[in-house]
Student: 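Below you'll find the structure I mean.
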Amino acid sequence: MQTPQLTDKPPDPFYTALYTVLARVPAGRVITYGQLAALAGRPGAARWAGRLLRALPNDTQLPWHRVVAASGKLSLPAGSDAANRQRTRLEAEGVVFRGERIRLAHYRWLAE
DNA sequence: TCTGTGACCGCGG
DNA sequence: ACCGCGGCCACAG
């Protein structure tokens, strides 16, 4: 039995909830940070959701690219490698952009 | 403690 | 349609 490190922080039960919700987002659709947080049980914690995505490992299997800003644009720095990867992945799934923005139909599917 | 910062959000102007 | 601002949660210095 390893002695637990004192620096270990207690696991946040909401982490799992957010990952579960994210894993449920179907290809070809997107979700906003705010919606993601709310569905994970933390309404109003959009920034918190963004922080968790930021912390994801580069080789994660989760569909991180399906999370976009409420404005319909990508939140990653425009022109960055990450932003380009995100857009490429989304378009490969059939997500259509109108300029920098994603069509409303792609992120208005939750209200069903 | 207080302050700044960020893969955010909504309301006004 | 584009900003500016205040509000939001968590962490770093």
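Letters go in sequence order (proteins before strands), and every chain restarts at 1.
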Student: When you measure from the side chain of Arg101(A), which nucleotide among dC2(C), dC9(C), dG10(B) comes out closest?
Tutor: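 Within the option list, the nearest is dC2(C).
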Student: Could you tell me the separation between the CD atom of Glu100(A) and the C1' atom of dA7(B), rounded to a whole number of Å?
Tutor: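 Distance check: Glu100(A) CD to dA7(B) C1' gives 16 Å.
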Student: List in chain and number order the residues that pass side chain to side chain donor-acceptor pair (under 3.5 Å) with Arg87(A), two or more places apart in sequence or in another chain; answer none if no residue qualifies.
Tutor: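 Scan of Arg87(A) (side chain to side chain donor-acceptor pair (under 3.5 Å), adjacent residues dropped) gives Glu91(A).
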Student: A side-chain contact here means heavy atoms from C-beta on lying under 4.5 Å apart; do Trp64(A) and Arg89(A) qualify?
Tutor: yes
Student: Give the nucleotide from the list dA10(C), dC9(B), dA7(B) with an atom nearest to the side chain of Trp48(A).
Tutor: dA10(C)
Student: For the pair made of CZ in Arg98(A) and P in dA1(C), what is the distance, rounded to whole Å?
Tutor: 7 Å
Student: Take atom P in dG7(C) and the same atom in dA7(B), then report the distance between them in whole Å.
Tutor: 22 Å
Student: For Leu53(A) and dC11(C), give me the distance from atom CG to atom P, rounded to whole Å.
Tutor: 15 Å
Student: Could you give the CG-to-P distance, from Leu52(A) to dC9(C), as a whole number of Å?
Tutor: 15 Å
Student: Considering only NZ, NE, NH1 and NH2 on the basic side and carboxylate oxygens on the acidic side, decide whether Glu93(A) and Arg66(A) come within less than 4.0 Å.
Tutor: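 Between Arg66(A) and Glu93(A) there is a salt bridge, with a charged N closer than 4.0 Å to a carboxylate O.
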Student: dC9(C), dA10(C), dC9(B): which one has an atom nearest the side-chain heavy atoms of Arg42(A)?
Tutor: dA10(C)
Student: How close or far is atom P of dA7(B) from atom CZ of Arg54(A), stated in whole angstroms?
Tutor: 7 Å
Student: Using whole Å, what does the distance between atom C1' of nucleotide dC9(C) and atom OH of Tyr15(A) come to?
Tutor: 11 Å
Student: Could you tell me how far apart Leu18(A) (CG) and dC8(B) (C1') are, to the nearest whole angstrom?
Tutor: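 Going from CG in Leu18(A) over to C1' in dC8(B) covers 13 Å.
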Student: Picking from dA10(C), dA7(B), dG7(C), which would you name as closest to the side chain of Arg47(A)?
Tutor: dG7(C)
Student: For the hydrophobic clusters of this structure (ILVMFWY residues joined by side-chain heavy atoms under 4.5 Å, transitively), does one cluster hold both Val25(A) and Leu53(A)?
Tutor: yes
Student: Answer yes or no: is there a side-chain heavy-atom contact under 4.5 Å between Leu52(A) and Phe14(A)?
Tutor: no
Student: What's the closest nucleotide to the side chain of Arg51(A) if the choices are dC8(B), dC11(C), dG10(B)?
Tutor: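 Minimum distance to the Arg51(A) side chain belongs to dC11(C).
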Student: Once you apply a heavy-atom cut-off of 4.0 Å, does Thr32(A) come out as touching a base, just sugar-phosphate, or nothing?
Tutor: sugar-phosphate
Student: Rounded to whole angstrom units, what separation is found between the NZ atom of Lys73(A) and the P atom of dG10(B)?
Tutor: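 Distance check: Lys73(A) NZ to dG10(B) P gives 15 Å.
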